[in-house]
Amino acid sequence: EALGDTERAARLFVRAADLADRELHDQERALTAYQRVAALEVNDDALDALARLRLDRKEFALAVPWLERRLERVPEDDRVGIRLRLARAYESAGQKHLAIECLVAGVSEAPDSFELRDLLAEMYRSEGRLDALAELLGENTTRVTDREMMLAYAREAAAIFCDKLK
């Protein structure tokens with residue numbers, strides 16, 4: 001690295017990080033080495049590993065920047081999994097408003113993802129955002145193909161409109 005060969009340095013740090021992570025199960029060394037890789041080059045595997053290690057250690061706020069960087073690199077149609085992980089990390093880090101923003105953006109990118117929609121509905125419920133919840137549930141009824149799920153979404157939306165938003 002000191003000689004200016006960042007590509008070679010990155011490869012060596014990847015090997016060191018993988019060894020520390022997979023063989024030695026030394027999270028501190030793995031984190032240090034993966035962080036060096038991320039500083040030297042754009043490396044999706046290093047970003048994923050950094051996020052995974054931070055989440056495993058319940059260091060949610062420290063996982064967020066790695067997940068955000070990873071999200072930037074994924075095509076819109078492949079972001080559901082990263083958005084779910086990022087939203088949960090935001091929530092666990094006490095940033096529920098950012099979790100909701102992340103999920104709202106995800107629903108607009110992948111409107112047929114009920115994983116995103118259901119987690120967003122759960123967060124709206126826990127935050128008492130009944131107007132947003134009712135609107136989301138109404139949208140869900142137009143997208144779901146299962147009749148029982150459609151009725152469940154419609155019933156909950158109707159209950160909110162009738163009982164709670166008076």
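Scored by the salt bridge (charged side-chain N to carboxylate O under 4.0 Å, His left out) test, Arg143 finds Asp112 as partners (sequence neighbours excluded). A search for side-chain hydrogen bond (donor to acceptor under 3.5 Å, both in side chains) contacts involving Glu72 returns nothing, not counting sequence neighbours.
Once rounded to the nearest 0.5 Å, the distance linking CG of Leu53 with CG of Leu31 reads 5.0 Å. Here the CG-CD distance, from Leu86 to Glu91, works out to 12.0 Å after rounding to the nearest 0.5 Å. Note that the SG atom of Cys102 and the CZ atom of Arg79 stand 10.0 Å from one another [nearest 0.5 Å]. The line from NZ of Lys96 to CD of Glu127 is 4.5 Å long, rounded to the nearest 0.5 Å. Rounding to the nearest 0.5 angstrom, the gap separating the CG atom in Asp26 from the CG atom in Asp21 is 9.5 Å. Rounding to the nearest 0.5 angstrom, the gap separating the CZ atom in Arg85 from the CG atom in Leu55 is 6.0 Å.
With no hydrogens or angles considered, no side-chain donor-acceptor pair links Ser92 and Lys58 at under 3.5 Å. Looking at Glu68 and Tyr90, their side chains do bring a donor and an acceptor atom within 3.5 Å of each other. Remark: the Asp18 side chain and the Tyr34 side chain contain an N/O donor-acceptor pair separated by less than 3.5 Å.
Heavy atoms from other residues, nucleotides or ligands lying under 6.0 Å from CZ of Arg52 number more than 12. In the displayed structure, Gln27 atom CD is contacted under 6.0 Å by more than 12 heavy atoms of other residues, nucleotides or ligands. When the shell of 6.0 Å around CD of Glu135 is examined, it contains 12 or fewer heavy atoms from other residues, nucleotides or ligands.
Two different hydrophobic clusters hold Leu71 and Val104 under the rule that ILVMFWY side chains link at heavy-atom gaps under 4.5 Å. Placement of Leu40 and Leu50 in two distinct hydrophobic clusters is found when ILVMFWY residues are connected by side-chain heavy-atom separations under 4.5 Å, directly or transitively. The hydrophobic cluster containing Leu12 does not contain Val14, counting ILVMFWY residues as joined when their side-chain heavy atoms lie under 4.5 angstrom apart, directly or transitively. Grouping the Ile, Leu, Val, Met, Phe, Trp and Tyr side chains by contacts below 4.5 angstrom, directly or via other members, places Val80 with Phe114. Residues Leu116 and Leu137 share a hydrophobic cluster, clusters being chains of Ile/Leu/Val/Met/Phe/Trp/Tyr side chains in contact below 4.5 Å.
Between Ala51 and Ala63 the shortest heavy-atom distance is O-CB, 3.9 Å. Among all heavy-atom pairs drawn from Leu84 and Leu119, the shortest one is CD2-CD2, 3.9 Å. Between Ile82 and Leu67, the closest heavy-atom pair is CG2-O, 3.9 Å. Pairing each heavy atom of Arg29 with each of Ala20, the nearest pair is CB-CB, 3.8 Å.
Within the 4.5 Å cutoff, the side chain of Ile100 has heavy atoms near those of the Arg129 side chain. You'll find the side chain of Trp66 reaches within 4.5 Å of the side chain of Gln35, heavy atoms only.
Classification of Arg125 and Glu156 as a salt-bridged pair holds, one side-chain N sitting under 4.0 Å from a carboxylate O. Classification of Arg83 and Asp78 as a salt-bridged pair fails, no side-chain N sitting under 4.0 Å from a carboxylate O. Between Glu59 and Arg57, at least one side-chain nitrogen of the basic residue sits less than 4.0 Å from a carboxylate oxygen of the acidic one, meeting the salt-bridge criterion.
Checked by atom type and distance alone, the side chain of Arg69 never pairs as donor or acceptor with a backbone atom of Leu47 at under 3.5 Å. In this structure a side-chain-to-backbone donor-acceptor pair under 3.5 Å is present from Ser126 to Met123.
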